[in-house]
S.K.: 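Have a look at this one before I ask anything.
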Amino acid sequence: MTQRTTVRRLMNEYGRTHAEEAGIRLRNTPAPLYRLLTLCVLFSIRIKADIAVAAARELSEAGMRTPQTMAAASWQDRVDALGRAHYRRYDESTATALGAGASLVLDRYRGDLRRLRDEAGGDPARIRELLREVPRIGPVGADIFCREAQGVWPELRPSFDGRARHAAAGLGLPTEPEVLARLVATDDLPKLAAALVRVELSKKAAGDLLRTG
């Protein structure tokens, strides 16, 4: 199986971003960027991906789609939305983190994460540093944000974190980000990165791809 065939099968079977799953139509505008940040906060603890995605959907359906509405919501409103998604055990601390993060985005970036991008001067490493100043966002959350946002922030391209590169090696694909990126159209980079991470996290997915190769 050629590398392009492997990538095509990989994308067909696993190429769905977390933003898509959460119902976020990602654009370079304040609301979808903030919803992506919220999703990354939810992913920044040890919890099943489907529960984090469900929690993001519940928060959105409850009207908490911007830092303004997140900050205006009560702590109990945030806890209740997380509870409806079965985001248990961490619901109270996450509700606190979401409120504090919304306040930070409002105070420092006037509610617009494009100002974070501007403050970073287009430097991907600096973007990650600034993201990690948001409560609860750590290296994993920053990686998720960057691999998903590379579709709308060109300076992040190509964004393949260590898990994606490790999966690529196991599938016989290039591990150098620039070389790996040449196997798909620019618009498909977030989907390829997401697919590789899924394969890395699922031994069954990797086995299925290798067996049918």
Side-chain angles (χ1 to χ4, degrees), residues 14-106 109 111-114 116-117 127-128 130-153 156 159 161 163-164 190-191 193-195 197-198 201-202:
Y14 305 105
R16 186 168 170 82
T17 67
H18 290 314
E20 288 174 326
E21 292 179 324
I24 302 169
R25 184 175 297 178
L26 198 56
R27 300 187 301 277
N28 188 32
T29 54
L33 288 170
Y34 177 72
R35 289 180 66 193
L36 175 61
L37 183 72
T38 297
L39 183 61
C40 294
V41 170
L42 298 170
F43 266 105
S44 292
I45 59 170
R46 290 185 177 275
I47 199 159
K48 291 182 178 178
D50 59 342
I51 293 178
V53 167
R57 283 185 172 274
E58 287 290 347
L59 289 164
S60 177
E61 289 172 9
M64 292 173 248
R65 301 177 184 173
T66 67
Q68 291 85 352
T69 54
M70 184 69 77
S74 71
W75 177 83
Q76 190 61 55
D77 286 340
R78 294 192 291 270
V79 170
D80 290 345
L82 294 171
R84 288 192 295 273
H86 305 290
Y87 197 95
R88 309 293 188 191
R89 184 178 174 187
Y90 303 103
D91 53 352
E92 295 186 355
S93 62
T94 300
T96 299
L98 288 169
S103 295
L104 183 148
V105 173
L106 288 169
Y109 305 115
D112 188 345
L113 288 170
R114 293 175 298 183
L116 179 152
R117 178 188 184 189
I127 288 174
R128 284 179 167 82
L130 293 175
L131 287 169
R132 291 180 64 180
E133 294 180 5
V134 177
R136 187 62 68 78
I137 294 282
V140 171
D143 281 343
I144 293 172
F145 186 97
C146 290
R147 76 168 183 250
E148 301 252 342
Q150 67 180 315
V152 293
W153 287 3
L156 293 175
S159 185
D161 61 24
R163 293 178 299 179
K191 293 182 178 181
V197 171
R198 279 195 173 85
L201 296 176
S202 171

S.K.: Ignoring hydrogens, what is the shortest heavy-atom contact between A102 and P67? Give both atom names and the distance.
M.R.: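 Answer, listing the atom of A102 first, then P67: CB-O, 3.6 Å.
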S.K.: According to side chain to side chain contact (heavy atoms under 4.5 Å, CB included), who are the partners of R35, at least two apart in sequence or on a separate chain?
M.R.: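 Result, side chain to side chain contact (heavy atoms under 4.5 Å, CB included) vs R35: I24, S60, R65.
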S.K.: Minimum heavy-atom separation for R84 to A62, with atom names?
M.R.: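 Smallest interatomic distance, heavy atoms only, reads NH2-CB, 4.0 Å.
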S.K.: Just by distance, do the side chain of S93 and the backbone of Y90 share a donor-acceptor pair under 3.5 Å?
M.R.: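 Checking the backbone N and O of Y90 against the side chain of S93, a donor-acceptor pair under 3.5 Å is found.
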S.K.: About how many Å separate CZ of R117 and CG of D112, when rounded to the nearest 0.5 Å?
M.R.: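 Separation between the atoms: 10.5 Å.
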S.K.: Which heavy atom of T66 sits nearest to which heavy atom of A31, and what is that distance?
M.R.: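 Heavy atoms only, the tightest pair is CG2-CB, 4.2 Å.
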S.K.: What's the separation between atom CG in L39 and atom CD in E148, rounded to the nearest 0.5 Å?
M.R.: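 Between L39 CG and E148 CD, I get 7.0 Å after rounding to 0.5 Å.
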S.K.: Is any side-chain heavy atom of V152 closer than 4.5 Å to a side-chain heavy atom of L33?
M.R.: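 Yes, at least one pair of side-chain atoms sits under 4.5 Å.
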S.K.: Would you sort out whether K48 and D50 count as a salt bridge (charged side-chain N to carboxylate O under 4.0 Å, His left out), showing the intermediate values?
M.R.: CA-CA 6 Å; K48 291 182 178 178; D50 59 342; over 6 Å; no
S.K.: What's the spacing between R198 CZ and K191 NZ if we round to 0.5 Å?
M.R.: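 Reported value, rounded in 0.5 Å steps: 11.5 Å.
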S.K.: Kindly determine whether L36 and L113 satisfy side chain to side chain contact (heavy atoms under 4.5 Å, CB included), including the steps that lead there.
M.R.: CA-CA 10 Å; L36 175 61; L113 288 170; over 6 Å; no
S.K.: Begin from the C-alpha positions of I47 and Y87 and carry the test side chain to side chain contact (heavy atoms under 4.5 Å, CB included) through to its verdict.
M.R.: CA-CA 8 Å; I47 199 159; Y87 197 95; 3.4 Å; yes
S.K.: Could you measure the distance from the CD1 atom of I144 to the SG atom of C40? Nearest 0.5 Å is fine.
M.R.: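 It comes to 5.5 Å.
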S.K.: Any side-chain heavy atom of I137 sitting closer than 4.5 Å to one from F145?
M.R.: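 Side-chain contact under 4.5 Å: no.
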S.K.: Evaluate the salt bridge (charged side-chain N to carboxylate O under 4.0 Å, His left out) criterion for residues D143 and R128: first the C-alpha distance (whole Å), next the side-chain angles of each, then the deciding distance (0.1 Å), finally the verdict.
M.R.: CA-CA 8 Å; D143 281 343; R128 284 179 167 82; 3.4 Å; yes
S.K.: Passes side chain to side chain contact (heavy atoms under 4.5 Å, CB included), Y109 versus L130? Steps please.
M.R.: CA-CA 11 Å; Y109 305 115; L130 293 175; 3.9 Å; yes
S.K.: Is there a donor-acceptor pair closer than 3.5 Å between any side-chain N or O of R78 and the backbone N or O of A73?
M.R.: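 The answer is yes, because a donor-acceptor pair under 3.5 Å joins these two groups.
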S.K.: For A81 and M64, which heavy atoms make the closest approach, and how far apart are they?
M.R.: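 Residues A81 and M64, closest heavy atoms: CB-CE, 4.2 Å.
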S.K.: Below 4.5 Å, heavy atoms only, C-beta onward: do L37 and L131 meet side chain to side chain?
M.R.: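 Counting from C-beta outward, L37 and L131 do come under 4.5 Å.
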S.K.: Under the ring pair (Phe, Tyr, Trp, His ring centres under 6.0 Å) rule, collect the residues that match up with Y34, sequence neighbours excluded.
M.R.: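 Not a single residue meets the ring pair (Phe, Tyr, Trp, His ring centres under 6.0 Å) criterion with Y34.
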S.K.: State whether the side chain of Q150 and the backbone N or O of R147 hold a donor-acceptor pair below 3.5 Å, judged by distance alone.
M.R.: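 Yes: the side chain of Q150 pairs with the backbone of R147.
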S.K.: Heavy atoms only: give me the nearest A193-A164 pair and the separation to one decimal.
M.R.: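 Between these two residues, the closest heavy atoms are O-CB, 4.2 Å.
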S.K.: Calculate, to the nearest 0.5 Å, the distance between atoms CG and CG belonging to L98 and D77 respectively.
M.R.: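 Nearest 0.5 Å value for the CG-CG distance: 12.5 Å.
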S.K.: Please round to the nearest 0.5 Å and tell me the distance separating atom CZ of R114 and atom OG1 of T29.
M.R.: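 It is 6.5 Å, given to the nearest 0.5 Å.
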S.K.: Mind running side chain to side chain contact (heavy atoms under 4.5 Å, CB included) on R57 and E21 for me, showing each step along the way?
M.R.: CA-CA 9 Å; R57 283 185 172 274; E21 292 179 324; 5.8 Å; no
S.K.: Locate the shortest heavy-atom distance separating A56 from A22; write the atom from each residue and the value.
M.R.: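 Looks like CB-CB, 4.2 Å.
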S.K.: Ignoring hydrogens and angles, tell me if any N or O in the side chain of T69 forms a donor-acceptor pair with the backbone of G63 under 3.5 Å.
M.R.: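 Yes.
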